[in-house]
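Below you'll find the structure, written out as structure tokens, and then a few comments.
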Number of protein chains: 2
Amino acid sequence: MSLPHAILTALIEKPSSGLELARRFDRSIRYFWSATHQQIYRELKQLEQAGLIRARDEEVVAQGQRKTYEVLGPGREELKRWVSAAQDLKPTRDPMLLRVRAAAVVGVDGLTGELEHHLAQHKRQLEEYLEIERRDFVDYTTAETRLQHLVLRAGVGLETFWIEWLTVALDTVRDVAP
Amino acid sequence: MSLPHAILTALIEKPSSGLELARRFDRSIRYFWSATHQQIYRELKQLEQAGLIRARDEEVVAQGQRKTYEVLGPGREELKRWVSAAQDLKPTRDPMLLRVRAAAVVGVDGLTGELEHHLAQHKRQLEEYLEIERRDFVDYTTAETRLQHLVLRAGVGLETFWIEWLTVALDTVRDVAP
DNA sequence: TCTCTCATGTAAGTCGTTACATGATTTC
DNA sequence: GAAATCATGTAACGACTTACATGAGAGA
């Protein structure tokens with residue numbers, strides 16, 4: 001039940017159309033919650049029906065016409081409620097860890113290539129985060145930017161962890177199957 | 001497409017019935033791939049139809065009768081293929097990071113309780129991992145145990161990261177909303 | 001016999017993915 | 001006027017979740 005709240009957050013930050021939202025998800029929100037434009041359109045419709053958001057230009061009904069959505073009072077209230085609601089940790093599902101475990105029983109043939117590939121992707125992602133940090137988080141003081149920076153630091157920390165782990169994993173895999 | 005491979009791995013490690021598999025997922029496999037017994041039974045049926053596994057006691061057909069599955073040759077081949085197949089990183093979806101981002105726009109009311117709750121859960125999980133490490137990974141040498149240990153170290157590293165991050169997050173949240 | 005646990009399963013619904021459809025606007 | 005892009009949407013499927021159903025055996 002997080003996608004509606006991701007959309008509410010994005011719309012409070014800046015009222016947008018479906019496609020603009022899809023682009024913002026692709027550009028930055030996907031770092032912690034990814035979504036395709038199909039998911040977004042479906043969810044926008046449901047949020048509008050639930051009275052949490054509304055389209056600004058209600059007169060435009062023709063298909064292909066841009067609709068800009070904004071968050072209504074009940075939408076903001078729902079988001080506040082959700083922020084502090086009790087939620088358990090969702091169960092882990094990491095295919096790479098599963099693959100290493102599988103390699104333990106069927107052999108590590110061909111695994112190094114995949115580990116290298118993932119290592120490269122995580123290094124690229126880390127660079128992207130550090131770039132954003134240098135660009136957007138120098139000399140800030142507001143509560144809002146401090147919290148946004150906190151989220152970015154999670155990204156930096158996670159990528160750093162995976163880079164270290166994959167490096168060790170590559171050493172181990174090369175060692176057990178030379 | 002990871003659940004069938006999680007099941008194949010578990011069945012190679014030790015042939016089991018559906019319920020035994022569900023218990024083993026709950027006990028250890030869930031650390032990197034969780035699954036419920038409903039998912040497992042459905043997948044077992046599909047794997048059997050695909051000829052990747054088979055029930056040992058084929059004569060027992062009555063409902064409620066225990067069926068022990070084992071992996072066939074094609075099942076092992078499929079797992080080998082999957083271990084080295086090219087796979088992209090799956091997109092991130094972390095509700096807690098999303099909540100902090102949402103708190104940046106609607107306020108941090110009630111968030112500390114949730115951060116504390118998650119911190120406690122991650123600390124408990126880390127302890128569990130370290131306990132397993134002390135118990136099962138002292139003085140080992142085989143390729144299999146080294147790879148299994150690698151997976152466990154990922155769990156330890158991730159929990160350690162989250163504990164550090166949540167601690168900083170709590171400081172920040174308390175600071176911006178005293 | 002009653003209840004509890006074991007073991008397998010069905011049903012319904014939500015969330016996410018992939019592929020495609022359609023009209024409007026801009027650009028050459 | 002043709003082609004590319006913008007913008008919104010439909011359809012179908014697969015993965016996962018939640019709740020419930022059913023029968024067998026074990027112990028009180």
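Note on naming: letters A, B, ... go to the chains in the order of the sequence lines (proteins, then strands), and numbering restarts at 1 for each one.
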Stepwise salt bridge (charged side-chain N to carboxylate O under 4.0 Å, His left out) test for A:E128 and A:R30: CA-CA 13 Å; A:E128 201 176 325; A:R30 79 171 152 83; 3.7 Å; yes
Stepwise side-chain contact (heavy atoms from CB on, under 4.5 Å) test for A:W33 and B:D94: CA-CA 6 Å; A:W33 202 275; B:D94 191 304; 5.7 Å; no
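Separating the NZ atom of B:K90 from the C1' atom of C:dC15 is a distance of 14 Å, rounded to the nearest angstrom. Distance B:Y41 OH to C:dA7 P: 8 Å, rounded to the nearest Å. Atom CG of A:L21 is separated from atom P of D:dC6 by 16 Å (rounded to the nearest Å). A straight line from CZ of B:R66 to C1' of C:dG9 spans 16 Å, rounded to a whole angstrom. In this structure, B:K67 places its NZ atom 16 Å from P of D:dG23, rounding to the nearest Å. Residue A:R23 contributes atom CZ, which lies 9 Å from atom C1' of D:dA7 at whole-angstrom precision. Between the CG atom of A:L47 and the C1' atom of C:dC15 there is a distance of 14 Å, given to the nearest Å. For A:I7 and C:dG16, the CD1 to P distance is 10 Å, given to the nearest whole Å.
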Footprint string (nucleotides 11-19 of chain D, 5' to 3'): B base within contact, S backbone only, - free, heavy atoms under 4.0 Å: ----SBBBB
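Remark: A:H149 engages A:F137, A:Y140 in a ring pair (Phe, Tyr, Trp, His ring centres under 6.0 Å) (not counting sequence neighbours).
Side-chain atoms of A:K45 lie closest to D:dT10 of the nucleotides C:dT8, D:dT10, D:dA7.
Using a 3.5 Å distance cut-off with no hydrogens or angles, the side chains of B:T112 and B:R174 do not pair a donor with an acceptor. For the residue pair B:S34 / A:R93, a side-chain donor-acceptor distance below 3.5 Å is found, with atom types taken as modelled. Donor-acceptor pairing under 3.5 Å is lacking for the side chains of A:Y31 and A:Q125.
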